[in-house]
Structures are given as C-alpha cells and as structure tokens.
Amino acid sequence: MSSVVLKNLIKSYDGKNNIINDINLEINDKEFIVLVGSSGCGKSTILRLISGLEEITSGEVIIDGKVVNNVHPKDRDIAFVFQSYALYPHMSVYDNIAFGLKMRKVDKKIIDEKVNEVAKSLNLIELLDRKPRQLSGGQRQRVALGRAIVRNPKVFLMDEPLSNLDANLRVQMRSEIKKLHQKLQTTFIYVTHDQTEALTMGDRIVVLDRGKIQQAGTPEEIYNHPKNKFVAGFIGQMNFINVNVQDGKFSIESTEFKTDKVANGEVTVAIRAEKMISGNQTITVPVDILEMTGGERIVYFRLNNQKCSARVPLDYDISDNITLNLDVNNMYFFDKNSGDVLI
C-alpha cells in the first residue's frame, strides 16, 4: 500500500501568511494524481512537504497510515524527480542511477542487475558510460527517472519534470511516464502548470489556487463540471460573458437566450471555445485576430464587449466577420461575485 493523506496541511514562512492553507487530500494506492495550478499556487510546496524537504507548520502528512511529519526525508521511502533533473555532473549515467543504492550499501551485484534492468526499460543501455553534459534534455530526464525507479520507492513525486523539454519531446515523455506508472503500479504525485499534461496523465486532477484546493476530480469531472470560475478558466479554453438575467432571459450581442435555472440578476456565462459554433442561435460579430494552429483555427472577437475566442475547422467560413452558433445547453453559469457555479 502506498496511500498518502494530507490532513489540515498548513505551511507559513512568516507565521502570518499561509502558502498552503488547510489542504485535505486523500491519494489512493497506485493512483496517478496531478496537482495543477498557476505559478505560486503552492503545488511544488506540497510536494516538498510530503517529501520532508520543507517543515510543516501544522497538520499531518500520512503515508501508509503512518504520520511522517518527524520522519527524515531519506526514511520516507519516496523518490523525487526534479524539474532541473538534479544529476551529478561528474558521474556517469550508470553512477547517477546507482547512487541511491550505493548510499544504502546494497550489494554490487544487485546494484548492477537493477541499474541494467532500469536502463534497458528506459533505453539508456548505450548511454551508461556517458556524463550528463553529453546527453540531450530527454535523455537526462530519463536518467533522473531511472535514478528514482531503481530504488523501488512507495511514492514518486514529480515536480514539473517535462517543463524544460521541447513540445514534441514533452508529448513523447508524457506517454513514457504513463507507461512507467502502469508498469510499476505505485503511487505517482505529479506537479505541472500545463493543463494538457494534467488532462492526459492524471487519474485525478487537483486544481490549486493561492494555496487552496479549488476542485479535485477525474479529468472528465474537472473539464465538464467545474465548481467555480477559476477551475473553468484554468482547464481548457473558456469564454466568460457578463449578462443580466431577467425573467429567465438574457442577451448576448442583442440575441436573446432563455434559461429557467438562474435567478434574476448579474451572472457570468461561460462557453468553451470549441462549443462556439455547435448551437442553433446565430450571432455574427467582427473578427479581431485569426490564428492558424495546424488542424484548426482560433478566432478572437468580442461578445458584450468582452474578449472571446472560438476553435473552428480550417474550412469554416470566415471573412471580416465570424458567424457563431450558440446553445444555452453548452453554457455554464457562475455567480458574478463569488465565482461559484450556479448550474
């Protein structure tokens, strides 16, 4: 079992402002969970609290039912893969992977067997004699993964391990890490600010903002049923339009829509960019900017004087204007002040 429980977790550096603010989270054995949020939201700090690299202000970190607040990092049986790889530059690939085992005084024969087994699984066999400076970014990342895997830890912590790689290599490494998780069958806690990584890799996603959990759920739950405006805007490409609902009616660019689920008053309507041409109520507006992304185009424009966008096929008819087809069933409604979802 490799479950991790965070109970009323708080971290403060000055005793006044909480970087991590009352985090409660249960991470199941063998789960691949992704912590996602913008820079400064506290996601990397949570990893450091779990690993013991940061001291907890209050609350508990529980691994396999045992509170580990006062357990030394080396005794928590956790492997940490850093954004910067953190390889020893003067050591070969072999010695970098073997380092943790050597420190534990594991028998040399066993070390050699484990290192070669891991190197084979990560396609590093031909690189074992090289130094980190002779490796590409992707190869260095595989070495960092190998060093973590060879110890067979209870929990893997990964802090934005792909952020230094180019776009194509990130896609390849995402797949490799997922395969690795399936093979090792242990718990992975992965930090990223990239929503694509979060959606494609996680069994569950935890969305963080200003040290608090905004929502935790499967990728489908987070994407299709955001609990508040922050989550809706952070995951996916979402448009927000302020409207005034009166007697179940509201207008977007003079086109009237009806809803029986929202009370009268100012609310924020949200529509995903890929849903802007899939409804039956037509609005035509001027195009501000047009971007080509390869398989589709992204069109920018304004609705109710607010910046919006639509993702459309390459053959969609666009000139100086774009014709949108909206549907109230594709809309989310959020409280304008609190940001909480209404329906």
Side-chain angles (χ1 to χ4, degrees), residues 32 34-35 39 43-45 47-48 50-54 72-194 196-197 201:
F32 195 123
V34 178
L35 309 182
S39 297
K43 53 190 184 296
S44 294
T45 302
L47 285 196
R48 295 178 69 83
I50 294 171
S51 68
L53 297 178
E54 290 277 1
H72 194 278
K74 70 179 178 64
D75 297 322
R76 296 191 184 192
D77 201 8
I78 284 175
F80 206 135
V81 179
F82 295 92
Q83 177 180 354
S84 61
Y85 316 135
L87 302 178
Y88 296 104
H90 62 287
M91 292 184 183
S92 66
V93 168
Y94 181 100
D95 288 333
N96 265 283
I97 295 174
F99 183 78
L101 298 178
K102 290 180 178 179
M103 293 298 292
R104 287 168 175 76
K105 301 189 184 304
V106 175
D107 183 81
K108 288 184 178 181
K109 183 178 180 181
I110 295 175
I111 290 176
D112 193 60
E113 290 175 356
K114 285 181 174 290
V115 170
N116 279 281
E117 180 185 353
V118 168
K120 184 177 180 181
S121 69
L122 293 172
N123 294 320
L124 294 172
I125 286 291
E126 296 179 358
L127 306 176
L128 287 176
D129 293 329
R130 295 190 188 181
K131 299 289 178 63
R133 66 177 179 273
Q134 299 172 293
L135 306 177
S136 67
Q139 290 168 337
R140 291 179 190 179
Q141 189 59 75
R142 290 205 298 275
V143 175
L145 288 170
R147 185 176 56 189
I149 296 166
V150 77
R151 290 175 44 208
N152 193 29
K154 290 181 180 178
V155 180
F156 283 89
L157 306 179
M158 298 189 173
D159 191 4
E160 303 204 44
L162 309 185
S163 61
N164 291 332
L165 306 181
D166 62 57
N168 289 335
L169 194 51
R170 280 203 303 273
V171 173
Q172 178 185 336
M173 287 301 297
R174 284 206 306 262
S175 176
E176 289 188 19
I177 290 174
K178 281 296 290 182
K179 288 178 182 177
L180 187 61
H181 174 251
Q182 292 166 2
K183 178 182 178 182
L184 298 177
Q185 290 290 295
T186 191
T187 306
F188 277 51
I189 307 174
Y190 187 101
V191 157
T192 183
H193 64 274
D194 186 318
T196 302
E197 281 185 25
M201 299 181 75

Return the [atom1] to [atom2] distance between [X] and [Y], rounded to the nearest 0.5 Å.
X      : Y      : atom1 : atom2 : value
Ile177 : Leu184 : CD1   : CG    : 11.5 Å
Leu53  : Ser44  : CG    : OG    : 11.5 Å
Leu180 : Met158 : CG    : CE    : 6.0 Å
Arg104 : Phe99  : CZ    : CZ    : 10.0 Å

Does the [X] side chain pair with the main chain of [Y], one donor and one acceptor, at a distance under 3.5 Å?
X      : Y      : value
Asp159 : Val191 : no
Arg174 : Leu162 : no
Arg151 : Arg147 : no

Heavy-atom side-chain proximity of [X] to [Y] below 4.5 angstrom:
X      : Y      : result
Ile78  : Pro153 : no
Lys183 : Lys179 : no
Phe188 : Met201 : no

Classify the ring geometry between His90 and Tyr88 as parallel (under 30°), tilted (30 to 60°) or perpendicular (over 60°). perpendicular
Please state whether the rings of His181 and Phe32 are parallel, tilted or perpendicular, taking 30° and 60° as the class boundaries.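 Aromatic pair His181/Phe32 classed perpendicular.
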Evaluate the criterion side chain to side chain contact (heavy atoms under 4.5 Å, CB included) for residue pair Leu145 and Met173; output intermediate values, then yes/no. CA-CA 11 Å; Leu145 288 170; Met173 287 301 297; 3.8 Å; yes
Go through Glu197 and Arg170 one step at a time and tell me if the side chain to side chain contact (heavy atoms under 4.5 Å, CB included) criterion holds. CA-CA 9 Å; Glu197 281 185 25; Arg170 280 203 303 273; 3.9 Å; yes
CA sep, side-chain torsions, deciding dist, call: Asp77, Val155, side chain to side chain contact (heavy atoms under 4.5 Å, CB included): CA-CA 7 Å; Asp77 201 8; Val155 180; over 6 Å; no
Atom pairs and distances, donor-acceptor, side-chain atoms in residues 127-135, under 3.5 Å, two or more places apart:
residue, atom, partner, partner atom, Å
Gln134, OE1, Lys131, N, 2.8

Listed pairs under 3.5 Å, donor-acceptor, residues 115-126 side chains, sequence neighbours left out:
residue, atom, partner, partner atom, Å
Asn116, ND2, Asp112, O, 2.7
Asn116, ND2, Asp112, OD1, 3.3
Ser121, OG, Val118, O, 2.7

Working for side chain to side chain contact (heavy atoms under 4.5 Å, CB included), residues Glu176 and Arg142: CA-CA 9 Å; Glu176 289 188 19; Arg142 290 205 298 275; 3.4 Å; yes
Around atom NZ of Lys102, are there more than 12 heavy atoms of other residues, nucleotides or ligands at under 6.0 Å? yes
Results of ring pair (Phe, Tyr, Trp, His ring centres under 6.0 Å) for Tyr94 - residues two or more places apart only: none
